[in-house]
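Shown next, in structure tokens, is the structure this report addresses.
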Amino acid sequence: MTPKTPPHQLQLNEHGQLRHFLTTEGLSTELLTEILDTAESFVSVGKQAVKKVPLLRGKTVVNLFFEASTRTRTTFELAAKRLSADVLNIDISTSATSKGESLMDMLWNLEAMDSDMFVVRHQASGAPHFIAEHVTPSVAVINAGDGRHAHPTQAMLDMYTIRRHKGDFAKLNVAIVGDVLHSRVARSQVHALRGLNVGEVRVIGPKTLIPADFEGLGAKIYYDMAKGLKDVDVVIMLRLQKERMQSALLPSESEFYRLYGLTMEKLAFAKPDAIIMHPGPINRGVEIESAVADCSRSVILQQVNYGIAVRMAVLSMAMSGQTEVAAQEGGV
Amino acid sequence: MTPKTPPHQLQLNEHGQLRHFLTTEGLSTELLTEILDTAESFVSVGKQAVKKVPLLRGKTVVNLFFEASTRTRTTFELAAKRLSADVLNIDISTSATSKGESLMDMLWNLEAMDSDMFVVRHQASGAPHFIAEHVTPSVAVINAGDGRHAHPTQAMLDMYTIRRHKGDFAKLNVAIVGDVLHSRVARSQVHALRGLNVGEVRVIGPKTLIPADFEGLGAKIYYDMAKGLKDVDVVIMLRLQKERMQSALLPSESEFYRLYGLTMEKLAFAKPDAIIMHPGPINRGVEIESAVADCSRSVILQQVNYGIAVRMAVLSMAMSGQTEVAAQEGGV
Amino acid sequence: MTPKTPPHQLQLNEHGQLRHFLTTEGLSTELLTEILDTAESFVSVGKQAVKKVPLLRGKTVVNLFFEASTRTRTTFELAAKRLSADVLNIDISTSATSKGESLMDMLWNLEAMDSDMFVVRHQASGAPHFIAEHVTPSVAVINAGDGRHAHPTQAMLDMYTIRRHKGDFAKLNVAIVGDVLHSRVARSQVHALRGLNVGEVRVIGPKTLIPADFEGLGAKIYYDMAKGLKDVDVVIMLRLQKERMQSALLPSESEFYRLYGLTMEKLAFAKPDAIIMHPGPINRGVEIESAVADCSRSVILQQVNYGIAVRMAVLSMAMSGQTEVAAQEGGV
């Protein structure tokens with residue numbers, strides 16, 4: 001699955017509107033800001049007595065999960081339902097592929113059912129991109145996490161959280177801490193932060209867990225928490241992929257916690273009003289101390305809350321951008 | 001999970017309205033009657049051409065099943081959908097907890113998604129109570145069965161069935177028969193029957209399967225069907241938990257059936273117009289004879305029918321009681 | 001499960017309207033045509049901005065799958081949702097029956113919840129028929145595939161595809177090719193084609209994979225592709241049930257492909273404008289060459305598209321026919 005079309009070209013229609021949402025890489029400041037502004041209007045929907053708007057009424061959204069993730073699937077399902085869409089959950093690991101059908105045959109079938117949107121989670125990097133390249137123009141593709149590549153809606157909810165709690169990106173130092181190597185969200189965060197012209201992005205972790213190319217993305221690399229957290233406004237902790245720690249990449253879990261686990265003590269290096277973020281699910285005592293996760297400066301649960309609104313924004317924007325494409329090219 | 005707040009205090013708001021529904025214990029006659037009266041109005045919804053009312057439109061109801069139960073989950077899903085709610089089914093045994101997330105972190109996440117109600121099924125007694133103690137005020141918790149402790153919506157649909165078919169509780173003798181020890185519903189039934197001032201509650205079964213404290217709850221204990229069923233108006237059979245009968249609690253399944261299985265012969269001890277009830281699924285020939293289950297005095301399928309209406313009543317009442325609380329305390 | 005009532009009697013109400021949909025056998029030309037005409041009106045629904053019509057609003061449709069089939073379940077779920085019904089998915093292999101409940105007890109329970117329709121998939125031939133014989137008059141039963149017996153909605157979407165692409169049935173020669181023995185759809189196709197007065201129906205395959213009774217159904221049997229495909233207007237390929245090919249029925253998969261696989265070369269025997277159909281999922285290189293599956297004369301994906309519309313037609317017609325019955329006989 002080696003994509004041919006550059007993503008920034010693939011995911012926008014000719015008017016520069018979002019049509020698919022595959023990556024935060026290459027998106028303009030204007031478009032990133034439009035996503036955040038659109039999400040703003042949806043945050044209040046979750047507080048209404050009737051948490052629904054009719055924007056996607058009568059649309060068919062297919063959650064196409066090649067890798068199980070109850071948490072992510074749930075947030076997309078809720079976002080789609082609050083937009084009044086009809087939602088189909090398809091768990092691929094237990095279904096069609098067992099009959100030996102090819103990926104493309106399965107997608108063509110779902111297209112033929114007049115589906116409007118595929119929300120794709122896949123263990124292989126690039127899979128949503130590949131799918132977006134091959135689907136009919138009337139279907140929008142949303143990346144719900146692919147391999148170690150990207151998790152763009154998670155990155156955008158992080159951006160929303162930062163803007164809401166700390167304001168102007170240009171004045172902020174943001175640190176991303178931990179197992180960057182195995183994270184699909186770190187890369188998406190760096191692209192989004194750079195696209196929003198953040199003051200400074202830092203990446204902190206052990207050498208073995210920071211990929212070589214992160215400096216090229218515009219992030220400063222730190223191997224030491226004291227130096228890396230100095231004067232930051234935002235600390236984004238990454239989940240330690242414990243299942244992968246049997247490898248030789250790290251001496252031990254406790255050693256990792258001692259050096260990079262976010263404790264109250266290490267948090268003192270950051271600005272006194274720095275906020276703490278985490279994409280969840282958190283490993284208490286592995287990459288973050290419970291006292292930090294639960295303190296008043298932690299905005300971890302607010303992230304979850306904004307996550308529904310940001311996904312509603314992305315779904316409705318992509319549906320609208322793709323409808324325009326379909327109208328011009330003619331759908332199936 | 002040892003609860004701190006007494007349930008009768010926890011499940012009511014300051015105006016005495018239902019806010020969570022955890023147990024039938026300690027509920028006033030007025031409130032129990034209000035549930036039955038509310039259910040009355042919903043029974044007819046199932047007979048309409050459009051089986052829907054808009055009471056929970058735009059609300060998010062999460063079926064949080066830590067223990068699989070297709071039957072119970074289906075009844076709550078239907079009840080919520082007929083109230084026009086958006087329903088999320090989360091089967092915990094196969095999901096989030098596999099990533100090592102704590103129960104509370106998972107609940108906080110679901111809260112943060114602006115969920116309105118958790119319908120909780122759990123193998124541990126007290127789990128829904130524990131959850132109700134810790135959720136944010138804007139979320140209502142409904143107990144869909146916890147360990148051997150309680151199954152209050154099942155008990156209330158039984159009460160509805162009794163009232164509908166036999167009228168005034170004060171004039172009735174009700175017998176609960178069988179494996180009381182392993183039943184989560186028997187305890188809820190006794191509390192509800194006592195709360196509704198039933199004439200007499202009897203519990204019938206072998207000594208090994210009747211917990212010592214049932215006499216204290218206001219039930220008369222019988223070890224003999226002939227004596228226990230004499231002059232009763234209602235016979236509630238319990239399901240024999242066959243998977244647990246390998247234990248030393250009973251000599252054999254056939255011996256149990258000989259002594260306590262409800263046959264036409266034993267039914268003759270009861271009043272001629274006594275009705276027969278069972279929470280289902282029934283074990284034909286284990287605790288009940290097929291001829292009894294299918295006879296005209298059996299109201300087992302009516303129980304299922306009323307069950308949807310009773311759950312609609314409980315869901316809508318708790319949502320309304322909790323909305324009042326949330327309005328005062330301020331939600332998330 | 002040996003049915004007592006003849007299906008053509010069981011599936012129609014006294015006004016000759018569809019009430020259950022169990023088989024295409026014995027249906028009149030008028031009724032078959034009515035299904036196709038009704039589907040016609042639903043094809044456009046899938047192209048609308050709001051893909052929904054309110055015909056089944058407030059109805060409860062239960063997908064009762066005793067055999068897993070994500071593809072078929074998805075098409076029925078979508079059809080029901082686009083008709084605005086509430087849909088319950090029940091996967092029996094993992095649920096109720098594990099508690100030892102009998103099939104009938106389970107069905108009676110679902111009836112008692114005021115369900116309106118059961119969409120039944122079962123590995124045993126005759127199961128949907130058996131269920132239709134025993135359900136309460138207010139419930140309609142739709143056969144979503146039973147054993148090797150029938151798959152009537154698949155056959156009707158095939159008929160719709162043929163009419164849409166080739167017009168008048170009387171002028172057409174239609175060939176059904178491949179593993180007829182293990183196919184549930186071949187029998188339904190022959191009945192439907194005969195009911196619609198097709199010019200000629202041919203069945204092509206190895207002797208071991210064509211049941212003896214197909215000639216009696218009005219089909220001409222061919223063991224040779226060159227002769228069988230001569231002058232046909234429509235080629236319907238069947239899926240080779242690979243999992244069953246370990247048996248002694250065929251020498252090898254490659255031998256089967258050599259003799260009966262639809263290649264461009266063999267397709268040349270048919271009329272130059274013959275269309276190619278397949279119920280999916282296709283086995284590329286097993287019963288059909290990729291070039292054939294993807295050529296301009298292949299209407300395989302159109303079949304999927306029409307499938308939603310045809311299922312919407314069958315669901316709405318059966319609901320309407322059964323409502324009339326229920327009104328007369330009185331429901332539960």
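As a basis for the values below, the full set of heavy atoms in this structure was taken, side chains included, without hydrogen atoms, waters or symmetry mates.
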* Asked: What part of A:I308 is in contact with chain B, defined as an atom under 4.5 angstrom from a non-hydrogen atom: side chain, backbone, both or neither?
  ->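 Only the side chain of A:I308 comes within 4.5 Å of chain B.
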* Asked: Using non-hydrogen atoms and a limit below 4.5 Å, what part of residues 74-87 of chain A faces chain B?
  ->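 Listed by number: A:T74, A:T75, A:E77, A:L78, A:K81, A:R82.
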* Nearest-0.5 Å distance that lies between atom OG1 in B:T60 and atom NZ in A:K52 ->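 Rounded to the nearest 0.5 Å, the OG1-NZ separation comes out at 8.0 Å.
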* What part of B:D105 gets closer than 4.5 Å to chain A, counting heavy atoms only: side chain, backbone, both or neither? ->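 Answer is side chain: those atoms of B:D105 sit under 4.5 Å from chain A.
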* Asked: Of all of A:Q48, A:Q303, A:R284, which one pairs up most often with chain B through heavy atoms under 4.5 Å apart?
  ->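 Most heavy-atom pairs within the cutoff with chain B belong to A:R284.
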* Does B:D116 reach the side chain of A:K51, with side-chain heavy atoms less than 4.5 Å apart? ->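 Yes, close enough: below the 4.5 Å cut-off.
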* **Residue pair B:A112 / A:N305: nearest heavy atoms and the distance that separates them** =>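 Answer, listing the atom of B:A112 first, then A:N305: O-ND2, 2.6 Å.
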* **Minimum heavy-atom distance between A:D294 and B:W108, given as atom pair plus value** =>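 Between these two residues, the closest heavy atoms are OD1-CZ3, 4.3 Å.
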* Any idea which of B:N109, B:L88, B:L110 has the most non-hydrogen atom pairs under 4.5 angstrom with chain A? ->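 Heavy-atom pair counts peak at B:N109.
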